[in-house]
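Here the structure is a predicted model, which is why all the values come from computation and not from measurement. Computed from heavy atoms alone, side chains included, the values below leave out hydrogens, waters and symmetry copies.
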Amino acid sequence: MSEQRPEGCQNCTKPCTVFFTQIVGNKTTKLAMCSDCPNAKKLDVGANFGLLSQILGVLTPVTMPAHSQRCQACGLTWADFQKTQLFGCPACYENHAANLAQLLPRLQPGTEHSGKIPAGFQNVHAREMIEVAKAKLPQAIAEENYELAAKLRDEIKALEKILGEEPADETPA
């Protein structure tokens with residue numbers, strides 16, 4: 001059975017048009033409001049809402065690392081980034097990597113993203129994963145890390161099975 005959404009705004013009596021649910025660990029926070037409330041800035045959004053506060057236009061201060069390094073490509077400083085929250089060029093990500101490494105864990109749970117793979121590229125991705133696992137396998141064996149070697153072997157076999165290929169180290173019966 002699905003949960004009913006509230007009809008009235010949490011901050012006024014207008015009908016709800018905006019619904020947010022944030023789940024952090026085992027804690028669920030739900031917000032239901034009319035579309036005027038974020039513009040009126042009546043919503044009390046804590047720093048834990050990060051992106052939500054940006055969407056709603058409510059500014060929540062985030063303490064950023066204080067470094068004065070300039071981007072070698074465009075000259076943007078970390079202080080400039082603090083003001084605009086925009087980088088000037090792709091090289092900024094590398095030039096300000098140390099600052100980002102300190103900032104990102106406070107803004108979001110992880111620093112890596114693995115999205116969906118387009119349908120036509122799933123086999124390409126599986127083959128790439130097989131090559132990576134095959135490259136790691138000899139090193140794991142040389143270091144006598146047999147648990148990792150077995151895991152890599154099983155991963156290779158599973159990926160080859162998905163691709164419909166015969167495993168390279170086995171001969172067909």
Side-chain angles (χ1 to χ4, degrees), residues 9-12 16-140 142-143 145 148 151-152 155-156 159 162-163:
C9 178
Q10 289 177 316
N11 300 312
C12 66
C16 289
T17 56
V18 180
F19 300 91
F20 288 101
T21 301
Q22 180 186 38
I23 301 171
V24 177
N26 293 331
K27 184 180 177 191
T28 301
T29 306
K30 295 184 178 193
L31 301 174
M33 66 207 84
C34 66
S35 58
D36 294 332
C37 284
N39 296 332
K41 297 188 181 182
K42 293 179 184 176
L43 180 63
D44 181 22
V45 177
N48 290 340
F49 276 96
L51 179 61
L52 174 61
S53 64
Q54 293 174 19
I55 293 170
L56 298 176
V58 179
L59 298 176
T60 55
V62 175
T63 307
M64 294 192 187
H67 297 282
S68 60
Q69 181 181 356
R70 286 191 174 275
C71 173
Q72 296 170 355
C74 71
L76 183 96
T77 65
W78 188 252
D80 296 334
F81 173 74
Q82 286 180 297
K83 292 176 191 171
T84 63
Q85 295 191 1
L86 296 171
F87 280 134
C89 71
C92 286
Y93 291 94
E94 291 179 21
N95 289 304
H96 296 293
N99 300 341
L100 286 172
Q102 293 175 15
L103 175 64
L104 286 177
R106 289 185 267 163
L107 298 177
Q108 61 189 31
T111 57
E112 293 185 21
H113 173 74
S114 59
K116 294 182 179 178
I117 300 169
F121 291 96
Q122 290 172 342
N123 287 349
V124 173
H125 181 67
R127 284 189 181 92
E128 288 174 358
M129 291 178 62
I130 289 171
E131 293 305 315
V132 169
K134 283 183 177 180
K136 291 180 181 179
L137 188 58
Q139 182 180 357
E143 293 173 357
N145 188 347
L148 176 60
K151 182 180 175 185
L152 291 169
E155 183 180 321
I156 291 167
L159 289 167
I162 290 170
L163 292 174

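Closest of all the heavy-atom pairs between G75 and R70 is O-NH1, 2.6 Å. Closest heavy-atom contact between A126 and L159: O-CD1, 4.1 Å.
The distance from the CG atom of L86 to the CG atom of D80 is 11.0 Å, given to the nearest 0.5 Å. In this structure, C92 SG and Q72 CD are separated by 10.5 Å, a value rounded to the nearest 0.5 Å. For the atom pair NZ (K134) and CG (L137), the distance works out to 9.5 Å, reported to the nearest 0.5 Å. Atom CG of L103 sits about 12.0 Å away from atom NE2 of H96, to the nearest 0.5 Å. For the atom pair OG1 of T77 and CG of N95, the computed distance is 12.0 Å after rounding to the nearest 0.5 Å. Rounding to the nearest 0.5 Å places CD of E131 at 13.0 Å from NZ of K136.
F87 and F81 have parallel rings, their planes meeting at less than 30° on a 0 to 90° scale where 60° marks the start of perpendicular.
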